[in-house]
Amino acid sequence: MIGQALNRVDGPQKVTGRATYAYEHWEAGQPLYGFIVGATIGKGRITRIDTGNAERAPGVHLVMTHLNAPEQGPRDESLPFEYWRAQPVLTGPDIHYHGEPVALVVATTLEQARAAGDLVEVEYTVGRGRFDFAEQEDEVYIPKVVNAGLPTDTAVGDFDAGFDSAEVRVDEYYTTPYEFSMPMEPHACLVEPRGEDLVVYVSCQIVDAAQASIAGTLRIDPERVHIVAPFVGGGFGSKLGIHSETILAALAARALRQPVKVALTRQQIFQLIGMRPISNQRVRLGAERDGRLTAIAHDVTMHTNPDVEYAEQTAATTRSLYAAPHRLTSHRLAPLDLPRGTDVRAPGEAPGMLAVESAMDELAHALVLDPVELRIRNEPTVDPERNVPYSDRHLVECLREGARRFGWEQRPATPASARDGRWLVGYGVSAAIRGHFQGPTAVRVRLEADGTAVVQTDMTDIGTGTYTILTQVAADGLGLPPDRVRIDLGRSDFPTSWGSGGSWGATNSSTAVHRACLALREELLASVRGDTGSALHGLDPADAVFADGNVRIGGASEALGEIVARHHPDGLEAEGGTRFMGDDPHYTDYSINTYGAHFAEVGVDADTAEIRLRRMLGVFSVGTVLNPKTTRSQLIGGMIWGVGAALEEEAVVDPRSGAFVNRDFAQYLVPVHADIPAVEAVVLDSYDDKANPLGAKGVGELGICGAGASVANAVFNATGVRVRDFPITIEKVLPGLPPVET
């Protein structure tokens, strides 16, 4: 079953509306509804807050502010990952960013809660906020580590000497804006008190982190917090940790002893969830005339919240992508009084590769060298900074196969030289790389006496197909048809996983299922080997084949259900798991990544500078493909996200208040169907035996890595205009367009 294009097993539930998301649970009966009132300033202090009118409004049960909120646990900075830390809210009168919760109104209906929220009177002393990134770039500091615990800076060789002696040099700055995850399902939860326990129906990516964070904030035993998250409507990093709506719902439910629902509005998501930090990136490339790099440097400055540090690993992939003897990378943070930075799909790699792969295109242009050939000439033989071999690297194959399929030989050699009617036409290419991660994950697989299997783990399905691929891995491991496998996900009383995020979810959970199935097979074969009543008695278990619900050894066969019923009438179960990659020698002895190559064709209107994507191709190497349908879906989704980063996405801060002025989908632009024509993803056959026993690696975020740069490079090829301040818009291209022919 592994590698088959199985339709989503949860598809019928979703299209018939039977898949239950956080806000849609009714097990607790009729809940109360909470609405968050946010600060209208970006920095300062509450001097007066009057809730009297709100408390007297129809249907209101509670108005909670910093004056009556329960004491909460502080963030435990000793915990290595932010997602597991306490997230206290309403802890005092100080305002740290625009929209920060200042009150929660709980009422019988949502409409009553929102109406009463308008009656909460708040007066402030306004402080001097730091909202403008450009003004704070000189006030930077060096973080101890960056995201995922990676080193802040790296240096190999002597970059200054290597760069200064290079025959051809590129030294440019690239800027990327604030960006948001914006999953389809808003951040929402329902909290039901049951005695001293809380049942929390929440939209989250990591169940264990949600449980620990809520318990730490409320200062209660984690065993008293029961997380339920069977379906999650997208996360893209924004639901790796829980947020204020969940904590406030939990506080209110405990105070009122009634179920409370809280969901963020779309506008509130822009202010309360966090975003991809704005960045200013300096990329320096030094090369010989033949295109071989002698020096590469990538220096990044980005924003951080002064209270909750977040350093996106924006320069990290540069450390492994191309060969060059002299190397330098660095990360610096500029504190701003804005919401905290957070993981947004492919954190670090997406904005970092947008800059580096644009710079590589600039180098190719300066050398008058084909951009595909430039990348191939700089293919390393070992990881150039860690000095360890790659586990399985097929970047060159991706570039060559993509060039062949795309018709790269037709690329205009001279920018602004190809036209199709009024459209200037250009081609662009970019490489893609993303690190593969492994975290601790446990899965329990149980065989019932009727020969069916049940897989249980707190792993989440965020719309990526977890239910389907775990069905396939379990069916493959036990020789069962898919309809005899049931997957139970997203509950804190199931074995603990690292959830969905960082492209680690599928491989962690699938590997754990695979190992649990191996343990079950060994137990079953041991049972029949000594059973004189079994047709398999005395036969060599090494020859056993599990298929079609039967166990076969040579010409003998017995139904799996019969073996379980006879020897394990109450069922048989086993657990399998994975561990931190730091404890796995493969991850220290090898550089384990996924790879790809993006190709884009754009048209740019010669009169108006309107940019249209005409077609796009990605060719990828990700090890074993668990399901080609869900893999393709993930990859093209990432590619489309890359188009948005290149051409559309940009959140704009009001420098007077720290508010995002375009905090809705009318003004914060993302790609829609009309923006995206033919997009195709192709995956090369490969198997990475160092990654895990299945040979599979993460897929979800690879599609966005480098995708935007291929579009940006195509715009340059079409127009001769190089835009380094993303996104690329009409205003930035129009002044540099070549004269219109008359």
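As a basis for the values below, the full set of heavy atoms in this structure was taken, side chains included, without hydrogen atoms, waters or symmetry mates. Not measured: the values here are computed from a predicted model.
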Measure the OG1-CE distance between Thr314 and Met302 for me, rounded to the nearest 0.5 Å.
4.0 Å

Could you tell me whether the side chains of Thr329 and Thr154 share a donor-acceptor contact shorter than 3.5 Å?
yes

Is the number of heavy atoms from other residues, nucleotides or ligands under 6.0 Å of Asp685 CG greater than 12?
no

Note: Lys690-Asp392 ion pair, threshold 4.0 Å (strictly below)
no

Locate the shortest heavy-atom distance separating Ala295 from Gly162; write the atom from each residue and the value.
CB-C, 3.8 Å

Does Thr176 form a side-chain hydrogen bond (donor to acceptor under 3.5 Å, both in side chains) with Ser279? I'd like the steps, not just the answer.
CA-CA 5 Å; Thr176 62; Ser279 79; 2.5 Å; yes

Within 45 degrees of the axis of the six-membered ring of Phe236 and under 6.0 Å from its centre: does Arg345 put its NZ or CZ there?
no

Would Arg663 and Asp654 count as a salt bridge (charged side-chain N to carboxylate O under 4.0 Å, His left out) if you check the C-alpha gap in whole Å, the side-chain angles of each, and the deciding distance to 0.1 Å?
CA-CA 11 Å; Arg663 54 184 183 271; Asp654 185 335; over 6 Å; no

Using side-chain hydrogen bond (donor to acceptor under 3.5 Å, both in side chains), reason through Asn280 and Glu137 one step at a time and then give a plain yes or no.
CA-CA 9 Å; Asn280 187 3; Glu137 279 194 87; 2.8 Å; yes

Any non-hydrogen side-chain atom of His303 less than 4.5 Å from a side-chain atom of Gln136?
no

More than 12 heavy atoms from other groups under 6.0 Å of OH on Tyr390
yes

Flag for Asp343-Tyr310: side-chain donor and acceptor within less than 3.5 Å:
yes

Within the 4.5 Å heavy-atom criterion, are Leu684 and Cys398 side-chain neighbours or not?
yes

Would you indicate whether the side-chain heavy atoms of Leu635 and Val683 approach each other to under 4.5 Å?
yes

Is a salt bridge present between Glu312 and Arg276, judged by a nitrogen-to-oxygen distance below 4.0 Å?
yes

Would you check if Val653 and Val661 make a side-chain contact, meaning some heavy-atom pair closer than 4.5 Å?
no

Stepwise salt bridge (charged side-chain N to carboxylate O under 4.0 Å, His left out) check, Arg282 with Asp171:
CA-CA 7 Å; Arg282 183 186 186 187; Asp171 184 352; 2.8 Å; yes

Is any NZ, NE, NH1 or NH2 atom of the basic residue among Glu680 and Arg405 found under 4.0 Å from an Asp or Glu carboxylate oxygen of the other?
no

Salt bridge or not for Asp164 and Arg284, using N-O below 4.0 Å?
no

Glu385 side, atom CD; Leu321 side, atom CG - distance, nearest 0.5 Å
11.0 Å

Any donor-acceptor N or O pair under 3.5 Å, side chains Thr317, Glu349
no

Can you check salt bridge (charged side-chain N to carboxylate O under 4.0 Å, His left out) on Arg422 and Asp605, steps first, answer last?
CA-CA 6 Å; Arg422 76 173 195 270; Asp605 190 292; 2.3 Å; yes

Output the distance between atom CD1 (Ile433) and atom CZ (Arg393), rounded to the nearest 0.5 Å.
5.5 Å

Scanning both residues in full, the closest heavy-atom pair of Met275 with Glu179 reads CB-O, 3.2 Å

Quick one about His673 and Asp675 (side-chain donor to acceptor, distance below 3.5 Å, no hydrogens or angles considered), yes or no?
no

Taking the six-membered ring for Trp, is the centroid-to-centroid distance between Phe133 and Tyr178 below 6.0 Å?
no

Give a yes or no on whether a salt bridge exists between Arg400 and Glu397, defined as a side-chain N under 4.0 angstrom from a carboxylate O.
no

Do the charged groups of Glu373 and Arg375 touch, with an N to O distance under 4.0 Å?
no

Do Ile730 and Ile611 touch side chain to side chain, with heavy atoms closer than 4.5 Å?
no

Would you tell me whether Asn147 and Gln313 have side-chain atoms, one donor and one acceptor, within less than 3.5 Å of each other?
yes

So, taking the atom named CG in Leu399 and the one named CG in Leu395, what distance separates them when rounded to the nearest 0.5 Å?
4.5 Å

Inspect the contact between Arg612 and Glu601 and indicate whether a charged nitrogen and a carboxylate oxygen are less than 4.0 angstrom apart.
no

Can you find a pair of side-chain heavy atoms, one from Gln667 and one from Leu669, that are under 4.5 Å apart?
no

Checking ring pair (Phe, Tyr, Trp, His ring centres under 6.0 Å) between Phe660 and each of Phe180, Tyr668, Phe270, which is the one that passes?
Phe180

Full working for salt bridge (charged side-chain N to carboxylate O under 4.0 Å, His left out) between Arg377 and Asp290
CA-CA 9 Å; Arg377 290 187 186 182; Asp290 64 0; 5.6 Å; no

Pairing donors with acceptors under 3.5 angstrom, does anything connect the side chains of Ser238 and His187?
yes

Interatomic distance, Lys697 atom NZ to Thr507 atom OG1 [nearest 0.5 angstrom]:
10.5 Å

How are the rings of Trp408 and Phe406 set relative to one another: parallel (under 30°), tilted (30 to 60°) or perpendicular (over 60°)?
tilted

Would you please indicate yes or no on a ring centroid separation below 6.0 angstrom for Phe620 and His598?
yes

To the nearest 0.5 Å, tell me how far Leu617 CG sits from Met639 CE.
6.5 Å

What's the verdict on side-chain hydrogen bond (donor to acceptor under 3.5 Å, both in side chains) for His298 and Gln281, showing C-alpha distance, side-chain angles and the deciding distance?
CA-CA 7 Å; His298 190 180; Gln281 305 178 48; 2.7 Å; yes

Arg615 charged N/C atom sitting above Tyr427 aromatic ring, 6.0 Å / 45°:
yes

Do Asn713 and Arg722 have side-chain N/O donor and acceptor atoms under 3.5 Å apart?
yes

Indicate yes or no: at least one non-hydrogen side-chain atom of Val156 is less than 4.5 angstrom from one of Pro325.
no

Donor + acceptor pair across side chains of Asn593, Ser591 (<3.5 Å)
yes

Intermediate values then yes/no, side-chain hydrogen bond (donor to acceptor under 3.5 Å, both in side chains), Thr729 and Glu731
CA-CA 5 Å; Thr729 59; Glu731 297 85 350; 3.1 Å; yes

Is there a side-chain contact between Val425 and Arg614, using heavy atoms and a 4.5 Å cut-off?
yes

